[in-house]
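Beneath this line is the structure, given in structure tokens, with notes to follow.
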Amino acid sequence: MPDDASIFRNGTFHADTWTFPADDVPLPPSGDIAVGKTRFLAEIQTLRARNGGIGVVLNPGEDPDGIVEHLDRITLVALRFTKYSDGRPYSVARLLRDRHGYKGELRATGDVLRDQVIFMLRAGFDSLDVAHAGTREALRTGSIVGVRHHYQPASDEAREAVGPVSPWRRRSV
Amino acid sequence: MYRYDEFDHAFVRERVAEFRDQVARRLSGEMTEDQFKPLRLMNGVYLQLHAYMLRIAIPYGTLSSKQLRRLAHIGRVYDKGSGHFTTRQNLQFNWIKLADVPQILEELAEVEMHAIQTSGNCIRNVTADHFAGAAADEVADPRVYAEILRQWSSLHPEFSFLPRKFKLAVTAAPHDRAAVQVHDIGLHMKVDDKGERGFAVWVGGGQGRTPMVAKKVRDFLPEADLLSYCEAILRIYNLEGRRDNKYKARIKILVHETGEAEITRAIEAEFAELQGKALTVPAPEIERIARYFALPDLETLRARSEVYETAKRDPAFALFARRNVHAHKVPGYGIVTISLKPTGAPPGDATSEQMEAIADIAERYSSDELRVSHEQNLVLPHVKLDDIPVVFAQLQKIGLGDANAGFITDIIACPGLDFCALANARSIPVAQRLSERFEDIARQAEIGDLKIKISGCINACGHHHVGHIGILGVDRKGEEFYQITLGGSGDETCSIGEIVGPGFSSDGIVDAVETVVDTYLKLRISADEPFLAAYRRVGQAPFKEALYAR
Amino acid sequence: MAKKKDFHPVAATANDLRSGAVVFREPDGRWGTEARRAEIAETPEDAERLLARAKADHDSCIVVEPVLIEMAEGRPVALRERIRDTGPTAGIGRTA
């Protein structure tokens, strides 16, 4: 596996096709680019005019207000976990999926560790930017030991079986 | 009581396997302590002064005899032969090896128990009225809703990394025995004039260094909306609760800083988005869960038991009947409190032998059921009045026949500096000395209802803020000092105790409490005016005068 | 680290990773359960070196979160540390 294949999505690792230009770097004319919320809001017209995918990166504490109107043009939302114990991105993820109907790539980035992978997928993330070696290995080999019986519906309904017995029970399939 | 089905068993088995894997990765060095700590806490494992501590969930305080026997067994094999019942209806073992924890969890899983979410910044074990399912005054069994909440909150993918811990309590009787107004969410069930069940919803109560009585954000929430409403509250808290300062991270601070009106508006707005969707609680699901909590097959008896009445000729039994027996909803039955506060003993401790004896008593005389109270006692919920004299005798044999429920020696105390890594001062020895000072049961009876609660640090695990007499241990230049608060209460008349003045040394604290008690005895209108009522009538002044006047 | 003039002799203590037991670092680098056998650092410089070695043992997954504690006559000075050394003062049963 090449080292640059750090994006775990649909069960395998891929190289990242997105670029994340720093705030003071001009936007490249083409290619998929993702920017922070402030720049996104300031340069939405430029972003829409150029040739390439539009992505947004939200830090913990940044809400998706102002972004949601443009979700139909956005194909990547990356939510940063500055540390895994800061759980705000889980709520933002669920709001994007369940409330705002976002269907594009929803990526967890930053402190992405194997012990939280199931929570992330259930909260609606479908893409993980994994820097941690042990987590990469565990995902690559499918050796994550976790709980796949759930007591509450969340935001990954397409990949979960409903029931039995109680209306809220789910199983990862 | 609730019984696991295949799904529940699979869930807990997977959780045990997950934790076993996490422990293995920690022991092998793959995980650092910083990475491991939040994970071990989420499964109830602390590192305390002397060893690891394992906190086992006893959801809403309900236990079977078989489960209590298993706890006794674990205490004997993996600890030093005892366990400690906590103020959150849990049980802690204080001398656990990390390497043993996965095996202990497997043994617990066999009897449908676990340690999930007994610590960490997640939704903690849901507590309820310890007389639930038996109390004559309840409008429904609050455990049905506590169980629904327990399931919903278990490994919730959105709410497992909250700003801070989050505690829910449910009660369903007018008299609040679950202290719901000092919880992050307190649910007080009632029935409206159309006969519909619902909850008054209290948010933002808590103790700790900033004690606050919760605000009522809803007077009546229909039971069907329970989960949607809680999810709305938790989402707002997860997004908006402070994460910059651990001491300001509880929802009570968010409620306080946002203001009652604004936080209520925000909760209602989020709830409006969630209402009527996937989390609506269908009536058949409530009925399904409620069937688990149906009353056991109790006999049809006369309300008056001659055996029981006759036994009261013995003054010791008469006192036990008066203090430790509570009205049951079924005629001819009573609810028996087993005091874990014998003279001189650490509050809430039980040896493995005592646990086994209690399990035998519960199996024979209480339909195999037990409760743990947040006052660190055990409860036999369904005892025939005819049998109570025998139960009393058997409790006396194991040293747990004290008729002191609700008396001054029925003390709540946190583990304190003897065990806890966070504590500043010892709690248990203060409780022990107080219980020895007030050992005379006639004197306790004369004093009447009086709740003493002792915390060994500002985190207030001993609930001192809501003690009629609260004691807070502090460290002053390496010396233990104890502050006294007066007038706290955790029931439906919830109030936070007021600090009466400068603290007392370890040597002086017991005398100081005695001074408070003597002052009360002198000023009460009659023996029918309990300490709290007298304090609320006269205020702090006479007590201050007695404690500090020279 | 404390200034030289108000420095008191210290030992390194921690909890054993596997068992959680209270342990003290001994002169030969082993961690034992008796405070009186602990290596005592008599100067601030020695104390720093002792803590560095203890922290290396934390990083090697032998012990958890080592700290330096003041010692006098072979035992810890602070009440908390004395309780860690000799056990809870509150046992089951009466205090008297």
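Residue numbering restarts at 1 for every chain, and letters A, B, ... go by the order of the sequence lines. The figures here come from the full heavy-atom set of this structure, side chains too, leaving out hydrogens, waters and symmetry mates.
Put simply, the side chain of B/I96 reaches to within 4.5 Å of the side chain of B/D79, judged on heavy atoms. Side chains of B/F19 and B/R40 form a contact here, defined as non-hydrogen atoms less than 4.5 Å apart. Side-chain contact check for B/H463 versus B/I454: every heavy-atom pair is 4.5 Å or farther apart. Using a 4.5 Å heavy-atom cutoff, the side chains of B/Y482 and B/V430 are in contact.
Taking B/K97, B/E480, B/E479 one by one and counting their heavy-atom pairs under 4.5 Å with chain C, the maximum is reached by B/K97. When each of C/R84, C/E81, C/E65 is checked for heavy-atom pairs under 4.5 Å with chain B, C/R84 comes out on top. Residue with the most contacts toward chain C among B/G416, B/A51, B/S435, B/G29: B/A51 (heavy-atom pairs, distance under 4.5 Å). For chain C, the option among B/L47, B/N424, B/V101, B/D100 with the highest count of heavy-atom pairs below 4.5 Å is B/L47.
Of all heavy-atom pairs between B/N377 and B/S339, the closest is OD1-CA, 3.5 Å.
Proximity to chain C is absent for every atom of B/A431, based on heavy atoms less than 4.5 angstrom apart. There is no contact between C/D85 and chain B, counting heavy-atom distances below 4.5 Å. Only the side chain of B/F419 comes within less than 4.5 Å of a heavy atom of chain C; its backbone N, CA, C and O stay farther away. With a threshold of 4.5 angstrom between heavy atoms, C/V64 approaches chain B through side-chain atoms but not through N, CA, C or O.
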task: Please assess B/Q103 against B/Y78 for the test side-chain contact (heavy atoms from CB on, under 4.5 Å), listing each intermediate value before the final yes or no.
output: CA-CA 10 Å; B/Q103 181 58 32; B/Y78 299 101; 3.2 Å; yes
*For B/V513 and B/L434, run side-chain contact (heavy atoms from CB on, under 4.5 Å): C-alpha distance rounded to whole Å, both residues' side-chain angles, the deciding distance at 0.1 Å, then the answer.*
CA-CA 8 Å; B/V513 169; B/L434 281 167; 3.7 Å; yes
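Side chain to side chain, C/R82 and C/T89 fail the donor-acceptor criterion of an N or O pair below 3.5 Å. One side chain, B/N404 or B/T409, offers a donor N or O that lies under 3.5 Å from an acceptor on the other.
Salt-bridge check for B/E353 with B/R76: passed, with a basic side-chain N closer than 4.0 Å to an acidic carboxylate O. Between C/R80 and B/D475, none of the side-chain N atoms (NZ, or NE/NH1/NH2) sits under 4.0 Å from a carboxylate O, so this pair counts as no salt bridge. Between B/R26 and B/E33, at least one side-chain N (NZ, or NE/NH1/NH2) sits under 4.0 Å from a carboxylate O, which counts as a salt bridge.
Listed by sequence position, C/H58, C/C61 are the residues of residues 54-63 of chain C in contact with chain B, using a 4.5 angstrom heavy-atom cutoff. For residues 26-36 of chain C, heavy-atom neighbours of chain B at less than 4.5 Å comprise no residues at all.
Under a 3.5 Å cut-off, the side chain of B/Q35 and the backbone N or O of B/T32 do form a donor-acceptor pair.
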